[in-house]
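Along the sequence shown, the residues carry numbers beginning at 1. Treat the numbers as computed from the prediction; the structure is a model and nothing was measured. Atom set for the values below is all heavy atoms of this structure, side chains included, hydrogens, waters and symmetry mates excluded.
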Amino acid sequence: MYVGALELDVLLGDVHSLKEKRSVIRPVVAELRKRFEVAAAEAGHQDLHRRALIGVAVVAGDASHVRDVLDGCERLVAGRPELELLSARTRLVGPEDD
C-alpha cells in the first residue's frame with residue numbers, strides 16, 4: 001500500500017474577504033475530489049484571505065498510480081486562472097518506509 005500527500009500553496013487573485021476566498025476554494029476542492037477520487041481539503045492559511053493551502057491525499061497499491069494522481073491534481077490547480085500556484089510539495093509513503 002502506498003499513501004501520497006500533496007500540499008498546494010496558492011495565492012488567490014481579486015479576493016477581499018474570507019467569504020470570497022471560500023467561494024473560490026470550495027469548487028476547486030470539490031473538483032479535485034470528484035475528478036480524481038482523492039481526499040482534499042483546505043488545510044492551512046484559513047485566516048488569510050488571499051492565500052490557501054490545499055491538502056490532497058490518495059491511497060493505492062501502486063506507487064506510480066499515486067504519483068500520476070497527485071501530478072494530475074497539481075496540474076488541475078495550476079491551470080485554474082483564479083489561482084496562482086506558489087509551491088507544491090509531494091510526499092509518498094510505501095511499505096519500505098516502515
[X]: partners by side chain to side chain donor-acceptor pair (under 3.5 Å), with sequence neighbours left out:
{"X": "Asp62", "value": "Ser64"}
{"X": "Arg51", "value": "Asp9"}
{"X": "Asp47", "value": "none"}
{"X": "Arg50", "value": "none"}

Closest non-hydrogen atom pair between [X] and [Y], with its separation:
{"X": "Ala52", "Y": "His45", "value": "C-CD2, 3.8 Å"}
{"X": "Gly55", "Y": "Ala43", "value": "N-CB, 4.1 Å"}
{"X": "Ala60", "Y": "His65", "value": "CB-CD2, 3.6 Å"}

Item to check | Listed once per pair and sorted, the side-chain hydrogen bond (donor to acceptor under 3.5 Å, both in side chains) pairs that draw on residues 21-30, sequence neighbours left out | outcome: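 Residue pairs with at least one partner in residues 21-30: Lys21-Glu42.
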Checklist entry - Given a cutoff of under 4.5 Å between side-chain heavy atoms of I, L, V, M, F, W and Y, with clusters grown through shared members, what are the other residues clustered with Leu85? => result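 Other cluster members: Tyr2, Leu6, Leu8, Val10, Leu12, Val15, Val24, Ile25, Val28, Val29, Leu32, Phe36, Val38, Ile54, Val56, Val58, Val66, Val69, Leu70, Leu76, Val77, Leu83, Leu92.
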Next on the checklist: Rounded to the nearest 0.5 Å, what separates atom SG in Cys73 from atom CD in Glu31?
Outcome noted: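 One finds 10.0 Å between SG of Cys73 and CD of Glu31.
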